Amino acid sequence: MYKSGFVNIVGNPNVGKSTLMNLLVGEKLSIITSKAQTTRHRIMGIVNTDNMQIVYSDTPGVLKPNYKLQENMLNFSESALDDADVLIYMTDVVEKIDKNHFFLKKVEQKSSPILLVINKIDLSNQKELEQKVTEWKALLPQAEIVPLSATNRFNVDYLQKRIEELLPESPPYFEKDAMTDRPARFFVTEIIREKILLYYQKEIPYSVEVVVETFEETEKLIKIRTLIIVERESQKGIIIGDKGNAIKKVGAMARKDIEKFFDKQVFLEMFVKVEKDWRNRDNLLKKFGYKLE
Ligand SMILES: Nc1nc2c(ncn2[C@@H]2O[C@H](COP(=O)(O)OP(=O)(O)OP(=O)(O)O)[C@@H](O)[C@H]2O)c(=O)[nH]1
Ligand SMILES: [Mg+2]
């Protein structure tokens, strides 16, 4: 018997969805930072064994949209509700229990099995956790609750076992050697965005998009030319920094990780370009891959 299906991870921002996805897949496919809205896309990570193909999806954290980019991010998260064979609704011990009730209502209406992961239990104690479990049981009665700590790897094996048990019988959806639905250059843009999220403050990371213009691979070297898109002229100066110091540092950090990802030497070029108000422009959002097909 061969099993295959979509196991989709959804939940509010910053609860640890990407951290869990990377653990389950065993590769750093999704970027992780302590800032909310780190993930902007639906990213698939695929695990293949002799008799199984699990297609995990990491999704953007749920939020009430303030601009079109965020509307599209929410569309990605909602699309993951529609095609889940197993839904992982992720929360943590820190967030307010009833945050984004509108989304939870949609989760409640799903007929697919739901694993409700309460993450970051390393930050809690037994009594607090029991309290959370009781509250969640009332809020989402059909879900199976799995307390977990992604950073400590606590209960990840158990979660994996439950996912495998719940996976439906089906032929595979992707090639049996595929690890993701994304092309190599996507991971380049994500790694650079991660460094931008880590390095710059406030609105800057949220106003940035990264585009790979050229990606040339030879036997020894990958040459990559990228564009850092910002919304306003003033942001361009901040990204570049005094004497180009800021962008140099970010570039160096990103290059190191990109080299690790491809296990090859990388030559990375970064240019900054202003696309006024790109986060609200449909044609640009489409070009940058934020529209559902
Ligand atoms: N203490 C603790 N921190 C965790 C745990 N899992 C993840 N984190 C941290 O929580 C923060 C957010 O993790 P992410 O995996 O980026 O969260 P996310 O849900 O993907 O966030 P968005 O993409 O913004 O929606 C990071 O700083 C992680 O290191 C955990 O089990 N315990
Ligand atoms: Mg994420």
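None of the values given here were measured: they were computed from a predicted structure.
No hydrogens or angles considered: a donor-acceptor pair under 3.5 Å links the side chains of Arg42 and Ser57. Gln160 and Glu164 form no side-chain donor-acceptor contact under 3.5 Å, judged by distance and modelled atom types alone. A side-chain N or O of Asn8 and one of Asp83 form a donor-acceptor pair less than 3.5 Å apart. Between the side chains of Tyr206 and Glu203, not a single donor N or O lies within less than 3.5 Å of an accepting N or O. Side chains of Glu95 and Thr91: a donor on one and an acceptor on the other come within 3.5 Å. Side chains of Gln70 and Gln37: a donor-acceptor N/O pair is present below 3.5 angstrom, by distance only. Checked by atom type, the side-chain pair Arg232/Ser207 shows no donor-acceptor distance below 3.5 Å.
No more than 12 heavy atoms of other residues, nucleotides or ligands sit less than 6.0 Å from atom NZ of Lys286. Few gaps surround CD on Gln109; more than 12 heavy atoms of other groups in view lie less than 6.0 Å from it.
Note: Phe6 and Phe174 have perpendicular aromatic rings, judged against thresholds of 30 and 60 degrees for the angle between ring planes.
Note on Glu259 versus Lys264: no salt bridge recorded, every NZ/NE/NH1/NH2 to OD/OE distance being 4.0 Å or above.
Residues satisfying the salt bridge (charged side-chain N to carboxylate O under 4.0 Å, His left out) test with Glu144, not counting sequence neighbours, are Arg162.
Ring-centre distance between Phe187 and Phe262: not below the 6.0 Å cut-off.
Here the straight-line distance linking atom CG of Leu159 with atom CG of Leu20 works out to 6.0 Å at 0.5 Å rounding.
Cluster membership for Val47 and Tyr2, using ILVMFWY side-chain heavy atoms within less than 4.5 angstrom, is not shared.
By the 4.5 Å heavy-atom criterion applied to side chains, Met253 and Leu198 are not counted as neighbours. Using a 4.5 Å heavy-atom threshold, the side chains of Ile228 and Val208 count as touching.
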